[in-house]
Amino acid sequence: MVTIGQYPPEYDPKIHGPYDPARFYGKPDTPFGQVKLNEVGSWLARRNKSPQAIVGAISRAYWRWQHKYVQPKRAGIAPFLHIVFGSMTFFYILNYPRISHHKNYKYH
Amino acid sequence: MLSRAALLSGQNSKVLVALCRTTASSATNNAAASAQSSAPTFQRPVRQEPGKVRHGFIPEEWFQAFYSKTGVTGPYTFAFTLSTYLLSKEIYVLEHEYYTGLSLLVMWIYGIKKLGPKLAGYLDKSVDDYEKEWNSSRVEQKEAYETQVKDEEKAQWSVEGQTLLIQAKRENVALQLEANYRERLLNAYQAVKNRLDFQVEKTNAERRIAQKNLVEYVVARVKSSITADQEKQNINKCIADLALLAKA
């Protein structure tokens, strides 16, 4: 069965209405912000770590960001700056092995 | 046929409209009832307001997350201490790209502060125009229907005015009839009076002529009854009288 390009299996248009790419249609777990420290292990163990689920999570995060900063009627400069600073951080980390050769001090 | 008759008779137009309204409302009620049985349990997604940010791009929520633990200076303290840590340990290396970035940042800030409001105004205006363009047909249609309803109400109101006008016209006609009646009454009175006056005049004239004729007849008879002898006596008497007068 092909699952690429399909809606999530839990999505039912009659119950959920129009498809929202930013929404998780599965059974909601405790939000990560409300998880106690001693429950983090079991919380992580409950996560679906298949490639599809990871891609889905990234996709939802991307659409959440889109809906919040890019799609509003009077979106400001925030999404552009997000991309600028995000790519700065990304490429800094990517180039870090080369950048670290430019250190000025031997001892810290 | 019935509806046409009702339309023609004008006075019943309101009743017809009311009838149409009741049928239309009952139709919508039926539709609503059928839709309610399969009412959707979901809410349609709506377009969000832009997320609040500080310094142009940092989400407000990140600051809010600090507040309950550290107070309002917490996020800035965290950023400052973290950056000093990263710099002093040279985890973040101040190589040549850092200074490029710093000068770029200054230029960006200047550009955003200088051109941002103008660009935002222009873009907001174009967004509004675009939205207005899409809405215009609907808004105009609605306005057209509202004016039609207003015109219809005005027409109904003026039809009510027509009934008043017709009443006034009826009163006018009644007044004219009354005036005409009185005029004719006067005419009849005048005619009768004329005839009576004529009769009076005629009677008077007849009486005058009869009197004249009688006087003439009597005078003629009296004159004819006077003989020559009597004439002579009379003249003599007159002469004697004159003589007597002359003597006196």
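All values below come from the heavy atoms of this structure, side chains included, with hydrogens, waters and symmetry mates left out. Per chain, numbering begins at 1; letters A, B, ... match sequence-line order.
- Considering only heavy-atom pairs separated by less than 4.5 Å from chain A, the leading option among A65(B), G56(B), G116(B) is G56(B).
- A salt bridge links R182(B) to E178(B): at least one charged side-chain nitrogen sits closer than 4.0 Å to a carboxylate oxygen.
- In terms of non-hydrogen atom pairs under 4.5 Å with chain A, the most contact-rich of Q43(B), E97(B), E131(B), H55(B) is E131(B).
- With a 4.5 angstrom heavy-atom cutoff, V127(B) touches chain A only via side-chain atoms.
- For R54(B) and F63(B), the positive end sits near the middle of the six-membered ring, less than 6.0 Å away and at most 45° from its axis.
- With respect to the salt-bridge test (charged N to carboxylate O, under 4.0 angstrom), the residues R64(A) and D20(A) do not qualify.
- At a 4.5 Å heavy-atom cutoff, the contact between I91(B) and chain A is made by backbone and side-chain atoms alike.
- Relative orientation of the W65(A) and Y69(A) rings is tilted, given thresholds of 30° and 60° on the angle between their planes.
- Contacts of Y92(A) with chain B are made by side-chain atoms alone, with heavy-atom separations under 4.5 Å and no backbone atom involved.
- Taking a cutoff of 4.0 Å between a charged side-chain nitrogen and a carboxylate oxygen, R47(A) and D29(A) qualify as a salt bridge.
- Within the model, atoms CG of N135(B) and CD of E140(B) stand 10.5 Å from one another, a figure rounded to the nearest 0.5 Å.
- Using a 4.5 Å cut-off between heavy atoms, F80(A) makes no contact with chain B at all.
- Within the 4.5 Å cutoff, side-chain heavy atoms of Q148(B) are placed close to those of Y145(B).
- By number of non-hydrogen pairs under 4.5 angstrom with chain B, the leading residue of L81(A), V84(A), V70(A), I77(A) is L81(A).
- Between chain A and the options R44(B), E95(B), R47(B), heavy-atom pairs under 4.5 Å are most frequent for R47(B).
- Neither the backbone nor the side chain of L104(B) comes within contact range of chain A, judged by heavy atoms closer than 4.5 Å.
- Contact of H16(A) with chain B is made through the backbone alone, with heavy-atom distances under 4.5 Å.
- Residue contact with chain A, scored on non-hydrogen atoms closer than 4.5 Å, involves the backbone and the side chain of E90(B) alike.
- Less than 6.0 angstrom separates the ring centroid of Y19(A) from the ring centroid of Y25(A).
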